[in-house]
> 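A single structure is presented below for examination.
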Amino acid sequence: MKVEVLEGHHFLSGDVAVAEGAIAAGCRFFAGYPITPSSEVAERMSRRLPEVGGIFIQMEDELASMAALLGASWGGKKSMTATSGPGFSLMMENYGLGMMTETPCVIVNVQRAGPSTGLPTLVGQGDVMQARWGSHGPYETIALSPESPQECFDMAVRAFNFSEKYRIPVVVLMDESVGHLFERVSIPPKSEIEVIDRKISTDKKRHIYEPDDDLIPPMPPVGEGFGIHVTGLTHDERGYPVITAEAQEKLVRRLVDKIRVHADEIIDYEEFMTEDADVIVIAYGISARSARRAVIMAREKGIKAGMLRLKVIWPFPSKKLRELVEKASHFVVAEINNGQILVEVERAIRKEAVFVGKMGGEPHRPDEVLKGIEEAVK
Amino acid sequence: MARIELQIGGFGGQGVILAGLVIARALSLYDKREAVFTQSYGPEARGGASSSGVVVDDSKVDYPYPTKPDIMVIMSQEAFTTYFPKLKKGGTLIIERDLVKIDGKPEGVGEFHSIPATKIAEELGNRIVANIVMVGFITKVTGIVTKESAKKAVLEMVPKKVKALNEKAFETGYGYEEE
Amino acid sequence: MATESRIEKLLKESDATIPRGTVYLVEDRCKGCGLCVEFCPKGVLVISDRFNKKGYHPPELVEEPPLKVCINCGFCERICPEFAIFVKKKEE
Amino acid sequence: MSVVQANMHPLDNYLRTERLPHVWCSGCGIGTVLGAYLRAMKNIGMDPEKTIMVSGIGCTGRAAGYVKMDSFHTTHGRPIPFAVGIKAARPDLNVTVFSGDGDLFAIGGNHIIHAARRNADITVITINNFIYGMTGGQLAPTTPETGITTTSPYGNVESPFNLAGLVAVSGASYVARWTSLHVRRLEKSIEKALKKRGFSFVEVLSPCPTAYGRRNRMRDPVDMLKYFQEHAVVKHHINPLEGVIEPDKDFIVGEFLDAEEEPTFEDKLWEMTKKEFLYTSQAERTAWILEHRRHLETLSKIISGRGER
């Protein structure tokens with residue numbers, strides 16, 4: 001198995017597929033702390049990274065993992081960690097440091113049911129808002145949500161590409177079900193996988209945080225005499241702390257805008273039978289697979305149902321929803337939490353949606369989503 | 001062929017996970033079907049009832065878990081109590097004859113098969129291959145997966161030094177004649 | 001200072017010369033903590049009455065030969081937390 | 001008589017002079033220790049372009065902002081794992097963590113013992129000023145028993161950590177403790193720590209006149225240094241447990257531990273990778289070797305040295 005890209009057809013779990021995707025994207029550093037149901041990602045990486053010239057470290061906790069990730073990223077390695085709810089909570093501090101210092105890296109969160117230790121081995125989707133707002137302060141995030149091992153592979157590549165291109169920590173919001181189920185994963189040859197690398201600064205005179213027109217500053221390498229200073233404090237373009245409201249406005253506004261102006265390149269969704277739909281289910285991850293079945297069942301009953309599946313959760317596709325609300329009259333949201341994406345959906349469509357929530361432990365049965373669809377059209 | 005759901009239940013340590021994984025892999029990679037494999041996770045999988053599921057379809061499988069299994073394979077009494085009620089009406093029931101004590105074919109079951117997989121495995125030299133005996137038997141009586149594919153998957157997924165034993169287990173299960 | 005005078009005496013009798021140093025100051029970095037003054041083994045520094053730009057009293061020199069002369073030991077330079085004071089060997 | 005006015009200091013090449021004067025209070029020892037660190041670097045000819053300083057949060061955490069090298073001012077307690085990450089990615093660079101006792105031993109306590117256990121090839125300099133200075137003088141894991149702080153107004157009822165002792169027993173390769181008054185020996189000790197392959201640690205007791213001294217009968221920075229002068233006993237290679245610091249009693253400074261060099265964490269990581277790594281192309285092989293040339297050279301030296309022993 002000493003190959004960089006595991007070309008061909010394989011029967012893999014989502015956890016293993018996301019690891020393979022990362023390696024294909026050029027990930028060469030992994031720091032993590034074991035936690036169910038994400039540990040298989042670490043296990044795979046510990047076996048695979050040395051084969052491709054990379055480094056795997058099992059850190060002492062998730063705080064350390066996230067810190068090491070940022071360090072390694074500045075050291076020039078594409079870096080990743082994998083965790084689940086409680087570990088994700090511990091990573092939030094340095095997730096914020098990654099945002100503030102514009103450090104590319106990827107965090108895989110295989111969601112389980114919480115709060116707290118909750119159901120370690122069973123599914124949840126309760127970290128959606130934590131991925132968005134988990135660290136303190138204003139910022140924009142990128143979070144992807146795969147529904148199958150194939151997408152785990154594909155989205156790991158995409159997550160790295162986003163993180164490198166926009167210089168931002170990117171979250172792959174998996175869930176236990178997708179992480180643990182096995183399916184065929186078809187991996188193209190290396191030459192056919194688009195891999196984006198960060199812009200590297202070559203001008204030693206240029207300030208470390210002087211952005212290009214796309215609002216993204218190229219990243220200087222360490223150990224090459226650039227003499228960079230990187231701080232989590234609000235800083236100016238030289239990277240030096242400036243403790244004023246003006247500096248904060250300027251810096252954080254750019255951090256937000258660099259994602260907002262590129263939102264259209266990032267946002268991605270699947271429309272399933274939405275063309276003539278009266279009622280649209282919004283779902284992501286494993287819930288989308290239940291919803292897809294429910295839509296088919298509804299169509300069999302003569303209800304014009306469709307689904308909008310969020311492949312990228314953040315940035316949220318508000319524009320798309322505003323388009324859909326022109327055509328469809330009813331909206332249903334199915335997610336394994338107490339209503340997180342629901343809030344975003346209702347904000348976009350400016351009316352109530354039927355909420356089919358589950359507190360976690362199992363994915364929606366298709367008939368549960370169908371009930372929501374029927375309630376919506378009643 | 002439309003969606004078919006297969007569920008294999010037993011107790012932890014019987015290898016029901018590997019049995020399901022072998023069949024799903026064979027379907028997906030060699031029979032070129034759309035197949036998904038899932039398993040029950042959690043402390044109950046360590047010692048208690050444990051199960052794995054295979055769903056196969058013509059197009060990409062949507063909901064990946066068995067809801068009303070078309071085929072139910074049961075390898076312990078406890079698993080029978082837990083999982084049997086989910087079997088689709090008229091579905092196929094396959095049991096480990098020595099470990100599931102029932103009086104013939106239960107009501108509502110379509111096809112019914114039984115095999116003393118554990119005893120056969122013991123006779124072959126190691127009870128650990130009971131699950132592979134079962135895979136051979138499932139392959140034969142349900143036709144859900146082709147023999148070549150199933151065998152290939154078995155040989156791929158077991159450690160090198162027990163390949164021969166597993167091959168024999170598969171063939172014995174496949175060739176088993178019910179009384 | 002008994003030991004010092006003994007050393008002075010010994011030095012006088014020998015050919016050896018005491019190295020002499022010149023004290024330099026980047027005055028506006030000084031925060032007037034007084035560590036250089038306090039720990040100068042020769043006691044050649046005192047806190048001045050002057051203010052620097054930030055309102056601190058920088059040190060100044062009291063050269064009182066033969067005892068109070070800078071011997072270029074560099075302790076003030078090392079103890080100074082401000083990268084303000086330093087010494088260089090005086091060229092005779 | 002006025003001293004000679006100067007515009008430049010001999011360490012200016014190592015400093016971001018445009019940011020001076022620094023934020024530390026008058027008489028604070030952090031600047032002294034930073035000076036010792038930079039002199040040690042200069043003495044051994046360590047290339048600032050190939051050196052990285054990582055700091056956490058707190059007064060000492062600001063050190064990274066003043067040195068003219070690639071520097072990282074990270075989150076509270078996390079400079080060590082950050083440094084472990086950067087060193088694992090770039091074993092050819094020198095990585096120093098410069099941070100305070102609260103940062104490295106309270107909120108970050110878990111990380112320092114694990115980095116020492118792994119023998120990560122980083123140098124850690126800790127300023128121990130017995131207090132949380134930047135936030136106004138709260139109780140630290142090093143505050144002496146009975147010490148008055150803003151969160152122990154009736155006196156500290158906890159036992160302080162013996163930092164150097166803790167690190168020594170955690171698996172470090174080099175451990176020393178000095179005070180900011182022992183500047184020359186500190187400088188020599190930091191030179192050794194920088195040269196040492198493996199986890200090296202230097203604890204420096206340092207005055208905080210503003211937040212600690214003021215409440216504990218040492219208002220003037222000179223008072224605290226005099227306390228050090230009176231109570232510090234130089235002793236080397238002690239049993240680390242002897243390193244406890246008790247109020248108004250003598251305490252030990254010196255080299256606690258100078259262990260024989262062993263392969264570092266990074267040596268082992270890269271050795272494992274080298275064994276497993278299938279070079280996918282000649283170009284990649286060359287790039288990989290270039291990147292880790294220095295590392296591989298030192299590694300092979302150590303390994304062959306071990307063979308001879």
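Naming convention: chains lettered A, B, ... in sequence-line order (proteins, then strands); numbering from 1 in each chain.
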> Quick check for you: to the nearest 0.5 Å, what is the distance between D:H73 atom NE2 and A:L97 atom CG?
9.5 Å
> Quick check: under 4.5 Å, non-hydrogen atoms only, which of residues 222-230 of chain A neighbour chain D?
A:V222, A:G223, A:E224, A:G225, A:F226, A:G227, A:I228, A:H229, A:V230
> Using a cut-off of under 4.5 Å on heavy-atom pairs, state which of D:M69, D:M53, D:H111 scores highest against chain A.
D:H111
> I need the minimum non-hydrogen distance between A:F29 and D:A88, along with the two atoms involved.
CE1-CB, 3.9 Å
> Return the minimal non-hydrogen interatomic distance between A:K77 and D:A89, and the atom names on each side.
CG-CB, 3.5 Å
> Under 4.5 Å heavy-atom distance to chain D, tell me which part of A:L70 shows up: side chain, backbone, both or neither.
both
> Under the salt bridge (charged side-chain N to carboxylate O under 4.0 Å, His left out) rule, collect the residues that match up with D:R19, sequence neighbours excluded.
none
> Between D:V67, D:I57, D:D70, D:I86, which has the largest tally of heavy atom pairs under 4.5 Å with chain A?
D:D70
> Quick check for you: to the nearest 0.5 Å, what is the distance between A:Y95 atom OH and D:T75 atom OG1?
15.0 Å
> Can you tell whether the side chains of A:E93 and D:R78 come within less than 4.0 Å, N to carboxylate O?
yes
> For A:D203, is the CG atom crowded, meaning more than 12 foreign heavy atoms sit under 6.0 Å from it?
yes
> Counting heavy atoms not belonging to A:Y240, are there more than 12 under 6.0 Å from its OH?
yes
> Going by heavy atoms in the side chains, are D:T273 and A:L49 under 4.5 Å from each other?
no
> Could you look at D:L269 and say if it's the side chain, the backbone, both or neither that has a heavy atom under 4.5 Å from chain A?
both
> Take atom CZ of D:F161 as the centre, draw a 6.0 Å sphere, and report whether it contains more than 12 heavy atoms from other residues, nucleotides or ligands.
no
> So which residue, A:G76, A:G239, A:P241, A:G96, ends up with the most heavy-atom pairs under 4.5 Å with chain D?
A:P241
> Could you tell me which non-hydrogen atom of A:G75 sits nearest to which non-hydrogen atom of D:R90, and how far apart they are?
O-CG, 3.2 Å
> Could you tell me whether A:K250 atom NZ has more than 12 heavy atoms of other residues or ligands within 6.0 Å of it?
no
> Output the distance between atom CG (A:L69) and atom CZ (D:F82), rounded to the nearest 0.5 Å.
10.0 Å
> Can you tell me which portion of D:R62 sits under 4.5 Å from chain A's heavy atoms? Options are side chain, backbone, both or neither.
side chain
> Please set out all donor-acceptor pairs under 3.5 angstrom arising from side-chain atoms of residues 83-91 of chain A, sequence neighbours excluded.
{"residue": "A:S84", "atom": "OG", "partner": "A:V110", "partner atom": "O", "Å": "2.7"}
{"residue": "A:S89", "atom": "OG", "partner": "A:G85", "partner atom": "O", "Å": "3.3"}
{"residue": "A:S89", "atom": "OG", "partner": "A:Q130", "partner atom": "NE2", "Å": "3.2"}

> Which residue out of A:L233, A:T231, A:I208 racks up the most heavy-atom pairs below 4.5 Å with chain D?
A:T231
> With sequence neighbours excluded, tell me which residues meet salt bridge (charged side-chain N to carboxylate O under 4.0 Å, His left out) with A:R238.
A:D236
> Can you measure from CZ (D:R118) to CD (A:Q58) and round to the nearest 0.5 angstrom?
8.5 Å
> At what distance, to the nearest 0.5 angstrom, does CD of D:E266 lie from CD1 of A:I57?
7.5 Å
